[in-house]
2 protein chains.
Amino acid sequence: MEDFIFLFTDEEAKYKQIYQQIKWLIEQGRLKTNDSLPSIRRIAETLHVSRNTTLTAYEQLVAEGYIRGEGRKGYFVNEFEKVFLQEEQPSLTQKMKTNSRDVLIDFRAGAVDQQHFPLKIWRQMANQVLPLQRCYEYGDPFGEPFLKEQLVHYLLQARGVHVNEEDIIIGSSTQQMLIYLCFLLKQDFPSVILEDPGYNGAREAFKLHDFQIETLPVSENGARLEHLKHLHSRLIYVTPSHHFPYGVSMSIQQRQALIQWAKKVGGFILEDDYDGEFRYTQQPFPALASLDKSRVIYLGTFSKSFLPAIRLSYMVLPRTLVQPYKERFAHFEHNASSLHQLTMAKFMEQGEWTRHIKRMRITYKHKINALVAELDKQFGEKITILGEQSGLYLLVKVQTQCSEEQLIQNAQHYGVKVYPTSPYFLQQPSSVPIIQLGFSKLKMEEITLGVQLLRKAWITEK
Amino acid sequence: MEDFIFLFTDEEAKYKQIYQQIKWLIEQGRLKTNDSLPSIRRIAETLHVSRNTTLTAYEQLVAEGYIRGEGRKGYFVNEFEKVFLQEEQPSLTQKMKTNSRDVLIDFRAGAVDQQHFPLKIWRQMANQVLPLQRCYEYGDPFGEPFLKEQLVHYLLQARGVHVNEEDIIIGSSTQQMLIYLCFLLKQDFPSVILEDPGYNGAREAFKLHDFQIETLPVSENGARLEHLKHLHSRLIYVTPSHHFPYGVSMSIQQRQALIQWAKKVGGFILEDDYDGEFRYTQQPFPALASLDKSRVIYLGTFSKSFLPAIRLSYMVLPRTLVQPYKERFAHFEHNASSLHQLTMAKFMEQGEWTRHIKRMRITYKHKINALVAELDKQFGEKITILGEQSGLYLLVKVQTQCSEEQLIQNAQHYGVKVYPTSPYFLQQPSSVPIIQLGFSKLKMEEITLGVQLLRKAWITEK
């Protein structure tokens, strides 16, 4: 047969490109049953790759049934019908479909601003940390002491919480920490109260452990704590500084009432303070844990305030849970990269963390103001904006006959990706569709353009 | 009162050092009840720190009850007896004690060689990866596609396993992956078979999920698979390439027998291939998963072969488990740093990974040979060496009247830290003490000195 001639791209391994090329030729019918393939040496020569690379590609094709080796005679194409319909086919096709749809503006909430990221300083510190001996050993199972020390400082200063280093556990994400912690909690607490609507990621962690779930209704004006008296659980998961997704904050009276409740029932409050740093109208509110540490399990993360990719989170346990937790997990290795832990500690120690938060608060404030202004301009009274005082996203309640799904699809037609809030609702779905718009990673002009396109999608469309 | 004058070290945050200094002065009685403390401005001036730093130190002291603020009058020392015996006191003292004992040579197994670590290349690649847009978003919940692609290549080439990218799940550690996976497995498998002796870290993961545990006896000559017929479980966790801790490898006949067993009972084999790369006498054995993917859950890690600190591991699931796993964890974020995932993928793609493994195999081979030679020289027939053909540690069976604990303590008197194997044994404790000696992070001269000291500790000592 003829030689294959094609150009390699830099995006994938060469063996993979050879593999894909041959697979494609077979699927297209350009290579037919029992056609012989060029020898490994031949391919290596014509494509300027090593024989090993070619061999790997061929082995993969053999493994998947596309071709067969016949010893010295070489490699031959198998009958194509036999090969399929293999399991991976649909998923590949699906992938193509998703990729082909052009997304111009993505209002995704789970991302951070890249433009203002302190790339140079972080790199520099990461480079300084790498030669440290501790990086070549397993670290402390509950987190690097240097980072805990910085967190003690930070939590006191920024969140008003006095903690001891010993009470801090470092983890890779809020969900991972919840999964681990629930092994302990479920012994004493068969059920948990979750906010409705609320963060589905936490809900999934509790469901994994078969907790019974009770719900606390939350409206746009805040949690309806008076409902607590009808509930039986002694464990509650809340987002008091910035309710997810409504964006309201609990007042000091509500916070005190919650602490009183926990004391009365002898339970615990899981306080998820996922983006407490970003409040645009006042100073950030002190954490619930600042009122009474003994009843609060405090959960913090660097995912929103710094970088989701480094997978770095922490929790502060009440004194009574520290020993039981540490005993239960004494034989488990730590979950977050020591390199990232030490780099972050250095970053915090040198004041860079505080500078970063200040800078980002200003950046995000500009962005959210631009988003609100453009929404007002384009939609006026046709939408209601929720949660514009804090956080990295806001919600729009749309006065429309369309369903949430239709709004999302209409937006997609205009190249705009927006997100549903219905997965956050449990017992009481919203009567009008509420759409989530994350703005953190978008540029100012993208925000404006995105909203203009949404107007076309949602209003002119009808 | 007088000004504080002291020098800051670079090792801790300044606020912490001020806090510690004042706390120490109070505890020592040098600052007495109701003594006034210098004003915040005064401290800031004399110690050349910011007022904020001083304030944080003072706030911490107030929080812990050492001092009190009296508005404009300033800060005063509280009555010391009141303050305590605080909870953290004992743990601090303990810390001091542990630190003060001099360890000259540490035969710890959980570490890697630092001298030959490709620091420059890794740094360079990490720096290249950091500006990528994906680092500013949440990554794929099951791992970065680029890394999975490299793993497909690597597993085929080095471990003989044909896998699809879709079947790979990236995690932060073997234990974390086991904890997650067991949520799925325990629905169908109430019990699990573990090697005895075996890796206690895996055992703890199964215990966390309340699996019933059956044991498969393993001797220095290998697993006693004939015992399988007496057991009821359909799930088994094994270390076939390098048994932990004995270091034996399963023969091809044993591997086939195990696969046959899994097919017969309709179960799964969890293959932990934690350091399969490091075999010094022959080529690494192909993984169990290379024989039959449908019955094997393959667990791999970069902790031994690269760096424990980056917390990067992976598992390959049998086709039948892929969808159920992905559905179960669809709403969970990934656990391993995307930065590290992408850097490792680049490292592998450029052939650096293969080079690194080759280099380390030579380095570790030299080290283990030196260790074996020195043990032979110093101890002769008084010890038996186990597991010297592969891995990053070996075992010594010591002919002695001493207990394992005594051997460890005697070694410690000579500044040598060695490790027990008793935590790995379940039903059948070893009749003679077996000590674990990790050598990976030690220099050649440290290995020699360490063994010489051990001889003094264990033989001359009597």
Side-chain angles (χ1 to χ4, degrees), chain A residues 12-13 15-16 56 59-60 63 87-88 91 108 110-114 117 119 122-123 126-127 130-131 133-139 149-150 153 156-157 162 164 166 172-173 175-176 179-180 183 200-201 204 208 303 307-311 319 331-340 349 441, chain B residues 12-13 15-16 56 59-60 63 87-88 91 108 110-114 117 119 122-123 126-127 130-131 133-139 149-150 153 156-157 162 164 166 172-173 175-176 179-180 183 200-201 204 208 303 307-311 319 331-340 349 441:
Chain A
E12 283 192 304
Y15 91 94
K16 182 93 188 213
T56 310
E59 282 180 342
Q60 185 71 27
E87 300 154 282
E88 71 241 71
S91 76
R108 195 182 167 190
V112 298
D113 182 284
Q114 183 170 355
F117 183 80
L119 195 71
W122 180 260
R123 253 184 196 164
N127 289 346
L130 190 56
Q133 202 193 318
R134 322 187 44 83
C135 295
Y136 300 84
E137 299 167 355
Y138 283 91
E149 188 189 318
Q150 297 304 315
H153 193 177
L156 181 62
Q157 202 179 41
H162 293 277
N164 298 308
E166 293 79 27
S172 62
S173 70
Q175 287 182 313
Q176 175 264 313
I179 287 181
Y180 278 49
F183 280 106
N200 53 344
E204 290 293 327
L208 210 53
S303 289
L307 205 59
I310 60 168
R311 307 278 71 207
R319 261 286 137 131
H331 298 284
F332 288 85
E333 299 296 346
H334 58 123
N335 274 294
S337 157
S338 321
L339 263 56
H340 292 333
E349 190 202 24
K441 71 159 192 176
Chain B
E12 283 192 302
Y15 91 93
K16 182 95 188 211
T56 309
E59 281 180 341
Q60 185 71 27
E87 300 157 285
E88 69 241 69
S91 75
R108 196 182 165 188
V112 297
D113 181 285
Q114 182 169 357
F117 184 80
L119 195 72
W122 181 260
R123 253 184 196 162
N127 289 345
L130 190 56
Q133 200 193 318
R134 329 188 35 87
C135 294
Y136 300 84
E137 299 167 355
Y138 283 90
E149 188 189 318
Q150 297 304 316
H153 193 178
L156 181 62
Q157 204 178 39
H162 294 276
N164 298 308
E166 294 79 26
S172 63
S173 70
Q175 289 183 312
Q176 175 264 314
I179 288 181
Y180 278 49
F183 281 107
N200 53 342
E204 291 293 327
L208 210 53
S303 289
L307 206 59
I310 60 170
R311 309 275 74 205
R319 261 288 136 125
H331 298 284
F332 288 86
E333 300 296 347
H334 58 123
N335 274 294
S337 157
S338 322
L339 263 56
H340 292 333
E349 190 202 24
K441 73 160 189 175

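Lettering of chains follows the sequences in order, A, B, ..., and the numbering in each one begins at 1.
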Interatomic spacing from OG in B/Ser172 to CD in A/Glu333 - rounded to 0.5 Å | 10.5 Å

Ignoring hydrogens and geometry, is there a side-chain-to-backbone donor-acceptor pair from B/Gln175 to A/His331 under 3.5 Å?
-> yes

What part of A/Ala336 gets closer than 4.5 Å to chain B, counting heavy atoms only: side chain, backbone, both or neither?
-> backbone

Looking at B/Ser338, B/Ala111, B/Ser337, which makes the most heavy-atom pairs under 4.5 Å with chain A?
-> B/Ser337

With respect to chain B, which residue among A/Leu307, A/Asp113, A/Thr56, A/Asn335 yields the maximal number of heavy-atom pairs within a distance under 4.5 Å?
-> A/Asn335

Given a strict heavy-atom distance threshold of 4.5 Å, which part of A/Ile179 is in contact with chain B: side chain, backbone, both, or neither?
-> side chain

Counting only heavy atoms closer than 4.5 Å, note whether B/Gln114 contacts chain A via side chain, backbone, both or neither.
-> both

Tell me, for A/Leu119 versus chain B, whether the close heavy atoms (under 4.5 Å) come from the side chain, the backbone, both or neither.
-> both

Proximity breakdown for A/Glu204 and chain B, heavy-atom pairs closer than 4.5 Å | both

Check each atom of A/Gln150 against the heavy atoms of chain B and say whether the ones under 4.5 Å are side chain, backbone, both or neither.
-> side chain

Per-residue contact mode, B/Phe183 against chain A (heavy atom under 4.5 angstrom) = side chain

Angle class for the A/Phe332/A/Tyr180 ring planes (parallel below 30°, perpendicular above 60°, tilted otherwise)?
-> perpendicular

Side chains of A/Pro131 and B/Arg123 in contact at under 4.5 Å (non-hydrogen atoms) = yes

By a 4.5 Å heavy-atom criterion (distance strictly below it), what part of A/Tyr138 contacts chain B: side chain, backbone, both, or neither?
-> both

Anything under 30° is parallel, anything over 60° is perpendicular, the rest tilted; go ahead and classify A/Tyr136 against B/Phe117.
-> perpendicular

Heavy-atom pairs under 4.5 Å with chain A, option from B/Lys441, B/Glu137, B/His153 with the top count = B/His153

Quick one: does A/Leu156's side chain get under 4.5 Å of B/Tyr15's, heavy atoms only?
-> no

Per-residue contact mode, B/Leu208 against chain A (heavy atom under 4.5 angstrom) = both

Pairwise distance CG(B/Leu339) to CG(B/Asn127) - rounded to 0.5 angstrom = 10.0 Å

List the steps, then state whether side chain to side chain contact (heavy atoms under 4.5 Å, CB included) holds for B/Glu166 with B/Arg319.
-> CA-CA 9 Å; B/Glu166 294 79 26; B/Arg319 261 288 136 125; 3.8 Å; yes

Counting only heavy atoms closer than 4.5 Å, note whether A/Asn200 contacts chain B via side chain, backbone, both or neither.
-> side chain

Between A/Arg311 (side chain) and A/Ser173 (backbone), is there a donor-acceptor pair under 3.5 Å?
-> no

